[in-house]
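Predicted model only: the values in this text are computed from it and were never measured. In what follows, chains are A, B, ... by sequence order, proteins preceding strands, each numbered from 1.
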Amino acid sequence: MLRIAHLLEAQLRAAMERALPEAAQPLDPQLAPASKPEFGDFQANGALPLAKPLGQPPRQIAQAIVVQLKADPSFAELCLDPVIAGPGFINLTLRPERLCAEVAARLGDPRLGVPSVASEDAPGQRTAPVVVDFSSPNIAKEMHVGHLRSTIIGDCLARVLEFRGHPVLRLNHVGDWGTQFGMLITHLKQVAPEALDTADAVDLGDLVAFYRQAKARFDEDDAFQATSREEVVKLQGGDPLSLKAWGLLCEQSRREFQTIYDQLDITLSERGESFYNPTLQAVVDDLRAAGLLVVDDGAGCVFLEGVRGKDGQPLPLIVQKRDGGFNYATTDLAAIRYRFAAPPAGDGAGRVIYVTDAGQASHFAAVFQVARRAGWIPDGASVEHVPFGLVQGDDGKKLKTRSGDTVRLRDLLDEAVQRAEADLRRRLAEEGRSEDDAFIEQVATTVGLAAVKYADLSTNRITNYQFSFDRMLALTGNTAPYLLYAVVRIAGIARKGGDQVGATSGALQFGEPQEWALIRELLKLDGVIAEVETELLPNRLCSYLFELSQVFNRFYDQVPVLKADEPARSSRLALCRLTTGTLKLGLGLLGIPTLDRM
RNA sequence: GGGGCUGUAGCUCAGCCGGAUAGAGCGACGGUUUCCUAAACCGUAGGUCGUGGGUUCGAGUCCCGCCAGCCCCGCCA
């Protein structure tokens with residue numbers, strides 16, 4: 001429907017120019033989707049703001065525009081007669097045959113009418129890659145609920161961008177470098193030296209415990225702190241023993257992370273902080289050469305523009321610590337520099353997206369500002385922080401286990417699947433159905449993981465997100481099970497209707513309002529995807545899929561498909577096919593696979 | 001102290017470039033099954049959009065003040 005909207009907008013603008021030659025340019029028709037179904041498909045609000053400058057009543061202006069519109073034969077081909085409503089809105093309704101033609105076109109299009117950038121503006125020309133930086137757990141720690149949102153949201157955004165045809169670099173900026181390793185290695189040397197030269201000498205759970213101990217010592221023991229800092233310097237300087245220990249720890253964590261990514265069907269390229277180590281000094285040197293670096297109290301700083309502290313002094317971004325070491329700001333700057341730099345010395349990215357919690361907003365704002373002033377962000381390129389809120393429990397506080405620990409991601413996912421299985425078994429017993437264990441496991445896994453992903457993606461990411469197994473696994477409402485069930489219903493029709501569902505029928509013919517409602521919903525897909533691509537808000541896609549499921553369920557409930565006579569039967573089957581295609585595509589972009597039965 | 005985010009129905013949340021009478025879902029209440037999976041559908045009730053100003057033909061949306069909650073603010077990420 002985007003293509004039609006663009007056509008209409010051009011027609012409207014031309015009509016306005018003809019109707020109102022005395023009006024100031026440029027004229028904006030203010031074309032928008034109709035706010036209610038009874039208003040048609042689109043509304044143009046452009047007459048309203050012209051009332052005052054032109055000194056005419058807005059309805060009169062609208063009338064003049066409508067006269068010109070109706071004189072345009074290409075408009076008349078597209079729409080029924082426009083209707084002026086309210087204070088001066090122009091309501092537009094597409095001709096049914098145009099809607100049918102759109103449906104027919106999509107039935108034969110594997111992309112369902114969503115264009116790919118590869119075929120859009122510059123055919124043949126390679127578009128610059130988009131970097132999506134997400135997940136980013138820390139080595140020697142387990143993935144916990146804090147990584148959930150970044151991982152799920154980042155994967156979804158990457159999928160949408162990939163589907164739109166962008167080359168996407170899914171980068172896992174793991175915490176595999178820096179002070180924490182100094183602490184951990186120093187501590188292990190004293191309490192479990194075998195962990196530093198033997199693979200898997202201690203398991204990850206122990207490593208996590210050691211990490212906690214190391215952190216505690218670091219915070220209160222000055223001598224330990226000093227040794228740890230020396231250890232970091234040795235590591236960053238390439239000391240073989242330190243490097244070996246570091247490699248073992250990383251490998252062990254990596255395998256642990258991978259089981260979670262496999263479970264969630266998430267692809268990531270690991271490129272941790274350590275990758276940028278060789279370029280950190282150059283980053284600082286470049287900043288110095290650019291005249292941005294100021295040594296203050298022994299630390300290398302870049303003072304920020306527009307950010308002031310208590311006493312009105314500019315706040316610094318510290319890029320080199322007093323002891324000569326580098327910190328996360330240095331690494332983040334090195335990453336930006338590399339990602340935008342031309343290949344082979346960089347990624348040549350045109351857009352870089354950071355999916356991290358909202359608490360890091362000021363950090364990224366500072367880093368982006370410094371990178372910009374250093375000239376590392378090319379003209380036309382964009383760097384965006386995609387923030388998200390905290391995961392909270394039912395009590396509205398940060399999600400914790402009953403004993404007050406952070407929730408491990410694997411435990412959380414397992415519990416979702418277990419609850420889905422228990423619910424399924426209960427339902428099967430109630431309905432007297434019997435299914436084998438393989439089916440039950442398959443359904444429970446799909447439903448459980450889908451519920452976790454969908455619950456996260458379906459709320460606006462900026463606000464905090466209240467985690468609730470009961471709500472996300474509910475069979476009704478805006479949940480994954482509700483959407484999956486719509487797909488299952490269509491699969492049921494396909495089973496009963498044989499290969500009819502797959503066949504493209506002849507002329508499509510529709511008459512029922514439920515059919516038209518479904519068609520209008522189906523045709524919104526391309527616009528929704530375009531919106532997610534620019535706004536980076538997966539919940540827009542979720543809302544769309546939920547509304548589509550609702551409209552479909554109404555259709556399913558009120559309009560017979562298999563029992564209908566031709567040509568209604570074939571036309572309705574075609575709608576079912578397009579609906580299931582749209583739902584599967586949309587859910588797929590959320591990282592959610594579908595089922596034929598549940 | 002400075003900065004950021006949030007505040008919309010009992011609960012969880014949408015609300016796009018400022019547009020028509022502010023929307024869903026859950027929960028509550030009432031209905032629907034000879035029929036493609038009722039994990040569904042239909043209906044009713046429920047609102048001072050935190051608050052006070054301002055801009056505008058028009059404000060949940062933009063600007064300013066205030067209140068509340070959360071988060072960040074020199075060598076952790």
Check: protein-nucleotides 24-28 of chain B nitrogen or oxygen pairs below 3.5 Å:
{"unit_1": "B:G25", "atom_1": "OP1", "unit_2": "A:Q550", "atom_2": "NE2", "d": "3.4"}

For RNA chain B, consecutive-pair runs of 3 or more (Watson-Crick or G-U wobble, both H-bond-type distances under 3.5 Å) give B:1-7 with B:67-73, B:10-13 with B:23-26, B:28-32 with B:40-44, B:50-54 with B:62-66

Mind checking the P distance from B:C66 to B:C29? Whole angstroms is fine.
46 Å

How far does CG of A:L148 sit from CG of A:D456, to the nearest 0.5 angstrom?
5.0 Å

Distance col, row A:F469:CZ vs A:D394:CG, nearest 0.5 angstrom, shows 10.5 Å

A:Q360 has an atom CD; how far is it from atom P of B:C76, in whole Å?
15 Å

Between C1' of B:C73 and CZ of A:F303, the distance in whole Å
14 Å

Going by ring centres under 5.5 Å and near-parallel planes (under 30°), is A:F39 stacked on B:A20?
yes

Among the nucleotides B:A39, B:G19, B:C73, which one has an atom lying closest to any side-chain atom of A:L315?
B:C73

Looking at the side chain of A:R229, which of B:C41, B:A77, B:C76 is the nearest nucleotide?
B:C76

Within residues 41-55 of chain A, find the residues that approach RNA chain B with a heavy atom at under 4.0 Å, and present them sorted by residue number.
A:Q43, A:N45, A:L48, A:P49, A:K52

Find out whether the Lys NZ or Arg CZ of A:R597 is both under 6.0 angstrom from the six-membered ring centre of A:F439 and within 45° of the ring's axis.
yes

Might you list the N or O atoms of the protein lying below 3.5 Å from N or O atoms in nucleotides 15-17 of chain B, with each pair's distance?
{"unit_1": "B:G15", "atom_1": "OP1", "unit_2": "A:R540", "atom_2": "NE", "d": "3.1"}
{"unit_1": "B:G15", "atom_1": "OP1", "unit_2": "A:R540", "atom_2": "NH2", "d": "3.1"}
{"unit_1": "B:G15", "atom_1": "OP2", "unit_2": "A:N460", "atom_2": "ND2", "d": "3.4"}
{"unit_1": "B:C16", "atom_1": "O2", "unit_2": "A:E531", "atom_2": "OE1", "d": "2.9"}
{"unit_1": "B:C17", "atom_1": "N4", "unit_2": "A:L31", "atom_2": "O", "d": "3.4"}

Between A:Y482 and B:C41, is there a contact of a side-chain N or O with OP1 or OP2 at under 4.0 Å?
yes

Verify the contact: side-chain N or O of A:Q180 to OP1 or OP2 of B:C76, cut-off strictly under 4.0 Å; return yes or no.
no

Would you please classify the geometry between the A:F224 ring and the A:H187 ring as parallel, tilted or perpendicular, with 30° and 60° separating the classes?
perpendicular

Assign the ring pair A:H173 / A:Y276 to parallel, tilted or perpendicular, where the plane angle (0 to 90°) is split at 30° and 60°.
tilted

Polar pairs (N or O, both sides) under 3.5 Å between protein and nucleotides 34-36 of chain B?
{"unit_1": "B:C35", "atom_1": "O2'", "unit_2": "A:K563", "atom_2": "NZ", "d": "2.7"}
{"unit_1": "B:C36", "atom_1": "O3'", "unit_2": "A:K496", "atom_2": "NZ", "d": "3.1"}
{"unit_1": "B:C36", "atom_1": "O2'", "unit_2": "A:I493", "atom_2": "N", "d": "3.4"}
{"unit_1": "B:C36", "atom_1": "O2", "unit_2": "A:L562", "atom_2": "N", "d": "3.3"}
{"unit_1": "B:C36", "atom_1": "N3", "unit_2": "A:V561", "atom_2": "N", "d": "3.4"}
{"unit_1": "B:C36", "atom_1": "N4", "unit_2": "A:Y556", "atom_2": "O", "d": "2.3"}
{"unit_1": "B:C36", "atom_1": "N4", "unit_2": "A:V559", "atom_2": "O", "d": "3.0"}

If the condition is side-chain contact (heavy atoms from CB on, under 4.5 Å), which residues does A:L537 pass it with, not counting sequence neighbours?
A:N460, A:R461, A:E535, A:N539, A:R540

